[in-house]
Amino acid sequence: MLILAIESSCDDTAAAVLEPGHRVRSSIISSQNDIHSLFGGIVPELASRRHIEMIRPVVDQALTQAGTTLDDIGLIAATQGPGLVGSLLVGFTFAKALALVRGLPCVGVDHMAGHLLSCLMEDCRPEFPYTALIASGGNTSLFTVESPLAFTRLGRTRDDAAGEAFDKVAKLLDLGYPGGPVISRLAAKGNPSAIRFPRSRLGAHSLDFSFSGLKTSVATYVETQRRGNQALAISDICASFQEAVVEVLVDKTLEAAHQTGHKRIVLGGGVAANPRLRELLSERCDSQSLGLFMPSLDYCTDNAAMIGVAGYYRYLANQLVDADSDAYSRSPLN
Ligand code: KG4
């Protein structure tokens with residue numbers, strides 16, 4: 001039996017085929033960056049419309065690339081939430097309808113659970129329990145992961161998510177959308193100590209995050225420079241901003257591991273693709289003899305393979321959905 005997994009929570013239409021467990025046969029992602037970059041952010045209505053166009057071809061491509069057909073599929077898993085409901089409904093309804101027609105079991109997966117388990121697709125995978133940082137465009141939270149079905153949130157952002165801060169800073173610098181990849185590219189050429197942007201810690205032992213003050217501070221700096229007709233040193237701004245985000249993410253992740261006593265740390269979400277975050281977290285984990293598990297870049301940003309992994313465990317626990325199950329916008333995990 002093979003698993004067909006579908007993800008459509010935000011602006012990527014994705015499908016994957018997996019062998020039971022963690023072996024990925026195919027993982028297809030159709031990005032919508034071309035339409036949303038025109039607006040500097042995601043336009044929900046356009047996202048759902050593109051999902052409707054792409055869901056069928058993306059699923060077909062995942063099956064073809066896996067060298068299989070629907071006849072070999074024994075389980076369908078799809079993201080049920082959180083995310084944009086219009087987007088979620090396309091993938092989730094497609095999955096439920098396909099399962100109904102083919103007489104297959106169907107599981108709904110929480111997108112956060114997918115990110116929390118994405119490291120399990122790697123050859124070197126963590127044992128349970130572990131402490132996880134999930135940082136994406138919609139979420140920035142710390143969790144303990146006791147098993148593939150047991151997650152407890154330790155802290156979360158009180159305002160912007162880390163990826164959202166990257167996207168908003170990119171927008172105010174006219175760098176396009178999504179902001180993370182372009183900022184990290186420019187930051188590599190800049191000086192991270194050029195501008196001292198604030199690090200919001202919210203108390204010595206707090207595991208919550210706040211990035212809106214940092215974003216405002218970058219906006220104020222840029223406005224002041226522009227008003228004084230000063231040239232903007234874009235690479236330095238990017239490097240200094242990135243350093244402020246990364247330092248806080250790393251410090252709080254290590255504080256969380258200290259509080260849980262876990263010896264293993266897992267990273268996930270789109271911001272986990274950031275090279276400086278990966279570098280600093282690796283250095284700090286090495287110096288404290290903590291095991292660090294990071295998904296490969298393909299599995300950091302939204303993908304359906306991680307939904308297949310999380311979905312398989314829900315299937316084993318008999319947590320199936322039926323035709324009436326609905327998508328949800330906010331995660332009960334978060
Ligand atoms: O997980 P994801 O694909 O979608 C969700 O938000 O669920 O994450 C996308 C986010 C965007 O905000 C994007 O700017 C950010 O991840 N991102 C990065 C990098 N690559 C993607 N942020 C910082 N550095 C990167 N290299």
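Remember, it's 1-based here, ligands and their atoms both numbered in the order they're listed.
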Hey, which atoms in ligand 1 end up nearer than 4.0 Å to a heavy atom of V271?
16 (O), 18 (C), 22 (N)
In terms of residue, atom name and distance, what is the protein heavy atom nearest to atom 13 (C) of ligand 1?
D167 OD1, 3.8 Å
Show me which atoms of ligand 1 lie under 4.0 Å from any heavy atom of G179.
14 (O)
Check: G163 N/O within less than 3.5 Å of ligand 1 N/O:
yes
Ring pair (Phe, Tyr, Trp, His ring centres under 6.0 Å) between F128 and Y130, intermediate numbers included
CA-CA 5 Å; F128 296 96; Y130 53 78; 5.3 Å; yes
Does the pair R50/D11 count as a salt bridge with the N-to-O cut at 4.0 Å?
no
Run the numbers for me: atoms of ligand 1, each under 4.0 Å from some heavy atom of G137, listed by number.
5 (C), 6 (O), 8 (O), 9 (C), 10 (C), 12 (O)
Near R49 CZ, under 6.0 Å, is it more than 12 heavy atoms from other residues, nucleotides or ligands?
no
Does a salt bridge link D71 with R102, judged by any charged N lying under 4.0 Å from a carboxylate O?
yes
Distance under 4.0 Å to a non-hydrogen atom of G138: what atoms of ligand 1 satisfy this?
6 (O)
If the plane angle is over 60° it's perpendicular, under 30° parallel, otherwise tilted; pick one for F209 and F211.
parallel
Carboxylate-amine/guanidinium contact R226 E223, below 4.0 Å:
no
For ligand 1, which part of D302 has a heavy atom less than 4.0 Å away: the side chain, the backbone, both, or neither?
both
Per the side-chain contact (heavy atoms from CB on, under 4.5 Å) rule, which among L333, L207, N334, T144 passes with R153?
N334
At less than 4.0 angstrom from any non-hydrogen atom of S136, what atoms of ligand 1 do you find?
1 (O), 5 (C), 6 (O), 7 (O), 8 (O)
Ion pair K263/E127, N-O distance below 4.0 Å
no
Among all protein heavy atoms in this structure, tell me which lies nearest to atom 24 (N) of ligand 1, with the distance rounded to 0.1 Å.
N274 ND2, 3.0 Å
Going by the atom numbers of ligand 1, which of them fall below 4.0 Å from some non-hydrogen atom of A273?
26 (N)
Of the listed options (G114, G180, A162), which comes nearest to atom 22 (N) of ligand 1 when hydrogens are ignored and any heavy atom counts?
G180
Using a strict 4.0 Å cut-off to heavy atoms of H111, name the atoms of ligand 1 that fall inside it.
7 (O)
Taking atom 8 (O) of ligand 1 as the reference point, the nearest protein heavy atom with its distance:
G270 CA, 3.3 Å
Tell me the contacting part of S184 for ligand 1: side chain, backbone, both, or neither, using a 4.0 Å heavy-atom threshold, strictly below.
side chain
Under the ring pair (Phe, Tyr, Trp, His ring centres under 6.0 Å) rule, what do F241 and F166 come out as? Steps first, then yes or no, please.
CA-CA 9 Å; F241 159 76; F166 272 92; 5.0 Å; yes
Check this for me: F151, atom CZ, are more than 12 non-hydrogen atoms of other residues, nucleotides or ligands nearer than 6.0 Å?
yes
Is it true that H115 lies under 4.0 Å from ligand 1, counting heavy atoms only?
yes
Applying the side chain to side chain donor-acceptor pair (under 3.5 Å) criterion to H205, which one of E255, H258, K252 satisfies it?
E255
For Q242, state whether at least one heavy atom is located under 4.0 Å from any atom of ligand 1.
no
Residue-ligand contact C10/ligand 1, heavy atom below 4.0 Å:
no
